[in-house]
Amino acid sequence: MGHHTFDIERADALEDPGRYEYCSREELLAALDIGPTTDTDAVIADIGSGTGFYTDAVAPCADLVYAVDVQSGMHDRYRTKGHPANVSFVTAEASSLPIESNKLDAAFSTMTYHEFADPDALSELARVIRPGGRIVTVDWSKCGSGESGPPRSERYELADAVRESAAAGFTTVDATSRIETFIHIGRR
Ligand SMILES: C[S@@+](CC[C@H](N)C(=O)[O-])C[C@H]1O[C@@H](n2cnc3c(N)ncnc32)[C@H](O)[C@@H]1O
């Protein structure tokens, strides 16, 4: 089950370019299997989009990106910052998405899995991602030091993401642990 929700008062920290150290734009696009030379017709959802730091990275390579966040105040911050025209704001819980079944080519979450992870949310993601579509999860690892990001007690291990996504019907395409974070790619 997820833990506390990110404090909007700290939202400026989400715009720190140093965050690419933990997941670069290129790595995220490759994991989603989209880019200027591949699938620019893609419909994508960013689950827990926050200020749109990674939504902005993905939007130029997609037709439509749903920025999904449970806190409307985060959407306000993103709107104030400015956003690409193909970003559509959705204020919702990951476990209850107002998106039609099989609509998405892929969904991703960055540094948010620990806030929404539960079987209901993963089942809901399996509902909205089309067969063959991808789910990409990048998050702080329980194996990390805990010096940046949430405390280790609130984190998950890569094995948790592999197991829970399999239970929701995803097949693992790639699963990698790094120094402080993990990345999991699943296919529906
Ligand atoms: C740590 S921030 C990360 C934001 C963004 N993914 C990034 O990497 O810059 C987590 C975001 O997820 C949102 N969030 C937390 N739980 C959620 C849930 N159950 N459903 C949707 N969004 C959620 C929070 O409101 C917050 O904006």
Side-chain angles (χ1 to χ4, degrees), residues 1-32 44-59 65-78 80-81 83 87 90-95 106-122 124-125 134-165 168 170 172-186:
M1 181 59 86
H3 293 273
H4 70 265
T5 301
F6 195 89
D7 184 358
I8 293 176
E9 296 302 314
R10 296 176 47 232
D12 286 347
L14 295 173
E15 289 295 310
D16 178 0
R19 297 186 64 219
Y20 286 129
E21 176 187 347
Y22 299 107
C23 179
S24 71
R25 175 178 184 272
E26 292 74 19
E27 181 178 31
L28 182 58
L29 292 175
L32 288 165
I44 310 281
D46 179 359
I47 307 300
S49 49
T51 58
F53 183 74
Y54 284 104
T55 326
D56 285 345
V58 168
V65 183
Y66 291 108
V68 178
D69 205 290
V70 70
Q71 298 189 85
S72 60
M74 281 293 191
H75 287 329
D76 293 341
R77 297 291 289 254
Y78 191 8
T80 299
K81 183 184 79 169
H83 61 87
V87 169
V90 176
T91 303
E93 284 269 352
S95 57
F108 71 95
S109 66
T110 52
M111 315 313 169
T112 302
Y113 181 75
H114 63 280
E115 296 192 24
F116 72 75
D118 68 28
D120 287 347
L122 287 162
E124 182 67 340
L125 286 163
R134 289 190 172 203
I135 185 168
V136 175
T137 305
V138 186
D139 202 8
W140 301 101
S141 171
K142 203 177 189 70
C143 304
S145 68
E147 287 171 14
S148 298
R152 293 179 65 205
S153 61
E154 297 185 6
R155 302 179 179 197
Y156 291 85
E157 295 178 13
L158 174 60
D160 299 320
V162 171
R163 187 184 60 251
E164 294 302 324
S165 68
F170 293 98
T172 292
V173 173
D174 196 21
T176 307
S177 273
R178 292 91 64 94
I179 292 172
E180 198 66 29
T181 58
F182 66 77
I183 180 166
H184 176 260
I185 305 170

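- Across A59 and V65, no two heavy atoms sit closer than the pair CA-CG2, 3.8 Å.
- Nearest heavy atoms, T181 versus M111: CG2-CE, 4.1 Å.
- A ring pair (Phe, Tyr, Trp, His ring centres under 6.0 Å) with F53 is found for exactly one of Y22, F6, Y20, namely Y20.
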- Message: Pair V68, F116 - check side-chain contact (heavy atoms from CB on, under 4.5 Å), show working.
- Response: CA-CA 12 Å; V68 178; F116 72 75; over 6 Å; no

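- By the 4.0 Å N-to-carboxylate-O rule, E27 lies close enough to R178 to be salt-bridged with it.
- Atom OG of S141 is separated from atom CD1 of I179 by 11.5 Å, given to the nearest 0.5 angstrom.
- Ring pair F108/Y54: centre-to-centre distance not below 6.0 Å.
- Taking the side chain as every heavy atom from C-beta outward, T112 and I47 never approach each other to under 4.5 Å.
- Residues P150 and H114 share a closest heavy-atom pair of CG-NE2, 3.6 Å.
- Of the inter-residue distances, the one linking E9 atom CD with R77 atom CZ reads 7.5 Å to the nearest 0.5 angstrom.
- In this structure, the side chain of R152 engages the main chain of G144 through a donor-acceptor pair within 3.5 Å.
- Residues satisfying the side-chain contact (heavy atoms from CB on, under 4.5 Å) test with S72, not counting sequence neighbours, are T91.
- Closest approach of E15 to T51, counting heavy atoms only: OE2-OG1, 2.6 Å.
- Between the side chain of R134 and the backbone N or O of A31 there is at least one donor-acceptor pair closer than 3.5 Å.
- Considering only heavy atoms from C-beta on, Y113 comes within 4.5 Å of E164 through its side chain.
- In summary, K142 and D160 do not engage in a salt bridge, as defined by a charged side-chain N under 4.0 Å from a carboxylate O.
- Remark: D56 does not engage R25 in a salt bridge, criterion side-chain N to carboxylate O under 4.0 Å.
- Atom CG of D46 is separated from atom CG of L32 by 9.5 Å, given to the nearest 0.5 angstrom.
- Interatomic distance, OG1 of T110 versus CH2 of W140, reported as 10.5 Å (0.5 Å rounding).
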From CA spacing to verdict: salt bridge (Lys or Arg N to Asp or Glu O under 4.0 Å), E180, R155:
CA-CA 11 Å; E180 198 66 29; R155 302 179 179 197; 2.9 Å; yes

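- Counting all heavy atoms, side chain and backbone alike, M74 lies closest to D7 at CE-O, 4.4 Å.
- Applying the side-chain contact (heavy atoms from CB on, under 4.5 Å) rule to D120 yields the partners S95, D118; only residues at least two apart in sequence or on another chain are considered.
- For the residue pair T55 and A67, the shortest heavy atom distance occurs at CG2-CB, 4.3 Å.
- In this structure, F170 and T137 have side chains that are not in contact, with every pair of non-hydrogen atoms separated by 4.5 Å or more.
- At a cut-off of 3.5 Å, with distance as the only test, no side-chain donor of D69 or H75 sits close to an acceptor on the other residue.
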